S.K.: 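Have a look at the structure that comes next, please.
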There are 2 protein chains.
Amino acid sequence: MNTQKDNTEEKILAAATDIFMVKGMEGARMQEIADKASINKALLHYYFRSKDKLFDAILTKMLNLAFPQIGKVFFSDLPFLERVEQVIDIYITLLLKHPQLPAFLIKEMNREGSLLFKFIEKQYFAIQPILKEIQNAMDRGEVIQMKPEHLVVNVLGMCVFPFAARPMIKNVVLNGQDDLLNEFLKQRRSEVKEFIIRAIQPQ
Amino acid sequence: MNTQKDNTEEKILAAATDIFMVKGMEGARMQEIADKASINKALLHYYFRSKDKLFDAILTKMLNLAFPQIGKVFFSDLPFLERVEQVIDIYITLLLKHPQLPAFLIKEMNREGSLLFKFIEKQYFAIQPILKEIQNAMDRGEVIQMKPEHLVVNVLGMCVFPFAARPMIKNVVLNGQDDLLNEFLKQRRSEVKEFIIRAIQPQ
DNA sequence: GTCTATATTAGGATAGAC
DNA sequence: GTCTATCCTAATATAGAC
């Protein structure tokens, strides 16, 4: 049963997500969020007490969206190169749905006092098995030898960077046209896959 | 001859650079900049009239540092693959000197009303010859065939991303240790080069 | 050119009526 | 639960003495 409370809370969360994702914690204004949710500032505070708490709610939501993705598909018994392709696929698909996510997270992880650090520190233990598994694949000769950490960062960089730097890509590389940008970002799925495979397949 | 004016102006610029690079336009405080420059707020305004104008001065300075780099070395008569290696070398060297630059620019290019856009739009004409030259190298068979725009973004992503996402790399991939992070970033020079070369060299 | 003191505004937060 | 009105602090900016 949907009370009015639930309904308003959802409106607030939706509005806050939109605003915070684009402007970040420091750029966002409570007034703007209230306007977008078609309520007033006082009601924002009634539901979330403070800007910090509201922001934390949004940040947590987006983090749970972004981070757990890798692990899911990675530990199957498919050949390693296919698993890499799947990871790239999943990530680009996620980013096409949330293009502002990379810039948002980069902004946030470089902001002092961000709650993001609490979250980030825990992830160390989550990624160790992945690095280990990459090393195993290398030892089996499924992939060329290199430092697993650098492979991870290379894949992440190629997937994430064009989204974080969309405004530059759009205006510098393409000709300022939104539809060209969208097309370009969609192409990343296959482009990154092919590029990575060429770089890491044996011989 | 150095008047007191020059001296103070330099102190302000140095302090403002430090603060703005780390905190961005919205996170920085005039008081903090004044403190760092060992002067008071009023003097900041005496020299630069407003926070906006001061920020613009810093932004312009950093942009002129970051953007014109590529072109310089790119149009020599060296083999294409060697030129790519040189570009990577120059960029990673620049980033090791200014590790906060990527996050700063990503923050800024995603901020509405940023003066960065005026600058960014002009760069379209600067990069066209580079894309053309890449295409030529592909047609000559010096490199594998792909969309030049994606090659540029791949190189840029691998160079820039680990700097933009330093806090995450440090805590998630490495073990929260600053010296490990530094070592890792230095390794990027050779790692990126080798990775790119494997991905784009013919056959 | 540099300071202290003050004005001004913006923005987060609360009180209190309904 | 929702609103209007108001408070309070932080932050940019200016006035005016030295």
Side-chain angles (χ1 to χ4, degrees), chain A residues 1-60 104 107-108 110-116, chain B residues 1-60 104 107-108 110-116:
Chain A
M1 69 195 193
N2 269 7
T3 67
Q4 187 58 24
K5 182 174 147 80
D6 291 339
N7 189 17
T8 303
E9 189 164 333
E10 278 165 32
K11 278 198 309 183
I12 292 177
L13 285 172
T17 303
D18 283 1
I19 305 281
F20 278 134
M21 288 292 285
V22 174
K23 310 214 166 176
M25 169 65 185
E26 297 168 322
R29 295 291 165 256
M30 293 296 264
Q31 184 62 59
E32 205 182 351
I33 295 173
D35 290 347
K36 187 149 208 164
S38 309
I39 56 165
N40 61 6
K41 270 194 298 179
L43 205 49
L44 273 188
H45 284 90
Y46 174 79
Y47 275 89
F48 289 90
R49 284 204 61 80
S50 73
K51 185 182 182 184
D52 276 288
K53 288 205 170 57
L54 177 54
F55 182 77
D56 286 352
I58 306 301
L59 177 60
T60 304
F104 172 76
K107 232 178 283 186
E108 192 52 19
N110 284 283
R111 184 171 72 90
E112 74 179 338
S114 170
L115 173 138
L116 178 47
Chain B
M1 67 191 193
N2 269 7
T3 67
Q4 186 59 24
K5 179 173 149 84
D6 291 338
N7 189 18
T8 303
E9 188 163 334
E10 278 165 32
K11 278 199 307 183
I12 292 177
L13 285 172
T17 303
D18 283 0
I19 305 280
F20 278 133
M21 287 293 283
V22 174
K23 311 214 166 177
M25 169 64 186
E26 296 167 322
R29 295 292 165 255
M30 293 296 265
Q31 184 62 59
E32 207 181 350
I33 295 173
D35 290 347
K36 187 149 208 164
S38 308
I39 54 165
N40 62 5
K41 273 190 298 178
L43 204 51
L44 274 187
H45 285 91
Y46 173 79
Y47 275 89
F48 289 90
R49 283 202 63 77
S50 73
K51 185 182 181 183
D52 275 289
K53 288 205 170 58
L54 176 54
F55 182 77
D56 287 352
I58 306 300
L59 177 60
T60 304
F104 171 77
K107 232 178 284 185
E108 191 53 20
N110 284 283
R111 183 171 72 90
E112 72 178 340
S114 169
L115 173 138
L116 178 48

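Chain letters run A, B, ... following the sequence lines, proteins first, then strands; residues in each count from 1. This one's a predicted model, so the numbers in the text were calculated from it and none came from an experiment.
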S.K.: Looking at A/Lys41 and C/dG12, is any side-chain donor or acceptor paired with a base atom of the opposite kind under 3.5 Å?
M.R.: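 Present.
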S.K.: Between atom CG of B/Leu115 and atom CE of B/Met25, what is the distance when rounded to the nearest 0.5 Å?
M.R.: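 B/Leu115 CG to B/Met25 CE: 11.0 Å, rounded to 0.5 Å.
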S.K.: Rounded to whole angstroms, how far apart are CD1 on B/Ile12 and P on C/dG1?
M.R.: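 Result: 11 Å.
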S.K.: B/Leu44 CG to D/dT14 P: how many Å, rounded?
M.R.: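 Rounded to whole Å, this separation is 13 Å.
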S.K.: Could you tell me whether the phosphate oxygens of D/dC3, OP1 or OP2, come under 4.0 Å of any side-chain nitrogen or oxygen in A/Asn40?
M.R.: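 Checking D/dC3 against A/Asn40, a side-chain N or O does come within under 4.0 Å of OP1 or OP2.
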S.K.: Contact class for A/Ala34 vs. all strands (heavy atom < 4.0 Å): base, sugar-phosphate, or nothing?
M.R.: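 A/Ala34: no heavy atom of the nucleic acid under 4.0 Å.
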S.K.: Between A/Lys107 and A/Val22, is there a donor-acceptor pair closer than 3.5 Å when you use the side chain of the first and the backbone of the second?
M.R.: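 Indeed, once roles are kept as given, a pair shorter than 3.5 Å links the two residues.
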S.K.: To the nearest angstrom, how far is A/Leu43 atom CG from C/dA13 atom C1'?
M.R.: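 Checked: the CG to C1' distance equals 14 Å.
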S.K.: I want to check one thing: is the phosphate of D/dA13, taken as OP1 and OP2, less than 4.0 Å away from some side-chain N or O of B/His45?
M.R.: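 So the side-chain polar atoms of B/His45 do come within 4.0 Å of the phosphate oxygens OP1 or OP2 of D/dA13, strictly under.
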S.K.: So, does A/Tyr47 get its side chain near the phosphate of D/dT2, meaning an N or O under 4.0 Å from OP1 or OP2?
M.R.: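 Indeed, a polar side-chain atom of A/Tyr47 lies that close.
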S.K.: Taking the side chain as everything from C-beta on, heavy atoms only, tell me whether A/Phe20 gets closer than 4.5 Å to A/Lys51.
M.R.: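 Yes, close enough: below the 4.5 Å cut-off.
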S.K.: As a test of reading the structure: which of C/dT14, C/dG1, D/dT2 is closest to the side chain of A/Ala42, going by heavy atoms?
M.R.: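 Closest nucleotide among those given: C/dT14.
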S.K.: Does any non-hydrogen side-chain atom of B/Phe48 lie less than 4.5 Å from one of B/Met30?
M.R.: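 No, too far: nothing below the 4.5 Å cut-off.
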S.K.: I'd like to check A/Leu59 versus A/Phe104 (side-chain heavy atoms, cut-off strictly below 4.5 Å). Are they in contact?
M.R.: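 Side chain of A/Leu59 against side chain of A/Phe104, heavy atoms only: contact under 4.5 Å found.
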S.K.: Considering the options A/Leu54, A/Leu13, A/Asp18, which one meets the side chain to side chain contact (heavy atoms under 4.5 Å, CB included) requirement together with A/Ile33?
M.R.: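 Among A/Leu54, A/Leu13, A/Asp18, the one meeting side chain to side chain contact (heavy atoms under 4.5 Å, CB included) with A/Ile33 is A/Leu54.
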S.K.: Between B/Glu26 (CD) and C/dG12 (P), how many Å, whole number?
M.R.: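 For the pair B/Glu26 CD and C/dG12 P, the rounded distance is 12 Å.
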S.K.: Can you figure out which of C/dC3, D/dT14, C/dT14 approaches the side chain of B/Arg49 most closely?
M.R.: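 My answer, after comparing the listed nucleotides, is D/dT14.
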S.K.: Once you round it to whole Å, what is the distance between P of D/dG1 and CZ of A/Phe48?
M.R.: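 It works out to 12 Å between those atoms.
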S.K.: From the list C/dG1, D/dA13, C/dA13, which nucleotide is the closest neighbour of the side chain of B/Met30?
M.R.: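 The answer is D/dA13, which lies nearest to the side chain.
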S.K.: Taking 4.0 angstrom as the limit, do B/Glu26 and A/Lys23 come out as a salt bridge?
M.R.: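 Salt bridge between B/Glu26 and A/Lys23, a charged N being under 4.0 Å from a carboxylate O: no.
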S.K.: What's the closest nucleotide to the side chain of A/Arg29 if the choices are C/dG12, D/dA13, C/dT2?
M.R.: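 Within the option list, the nearest is C/dG12.
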S.K.: Bend angle of the helix from C/dG1-D/dC18 to C/dC18-D/dG1 from five-pair axes at both ends, rounded to 10°?
M.R.: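 The end axes of the helix from C/dG1-D/dC18 to C/dC18-D/dG1 are about 10° apart, to the nearest 10°.
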S.K.: Please give, in whole Å, the distance from C/dT9 P to A/Gln31 CD?
M.R.: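 After rounding, the reported distance stands at 18 Å.
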S.K.: Over how many whole Å does the gap from A/Asp35 atom CG to C/dG11 atom P extend?
M.R.: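 The distance from CG of A/Asp35 to P of C/dG11 comes to 12 Å, rounded to the nearest Å.
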S.K.: Reckon B/Thr8 has a side-chain N or O less than 4.0 Å from the OP1 or OP2 of C/dT2?
M.R.: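 Answer yes for this pair, as a side-chain N or O of B/Thr8 is under 4.0 Å from OP1 or OP2.
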S.K.: Given atom CD1 of B/Ile39 and atom P of C/dT4, what is their separation to the nearest angstrom?
M.R.: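 Taking CD1 of B/Ile39 and P of C/dT4, I get 12 Å after rounding.
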S.K.: Side chain of A/Lys51 only, please: which of C/dG12, C/dG1, D/dT14 is the nearest?
M.R.: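 It is C/dG12.
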S.K.: Rounded at 0.5 Å granularity, tell me how far CG in B/Leu44 sits from NZ in B/Lys53.
M.R.: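 So the CG of B/Leu44 and the NZ of B/Lys53 are separated by 14.0 Å.
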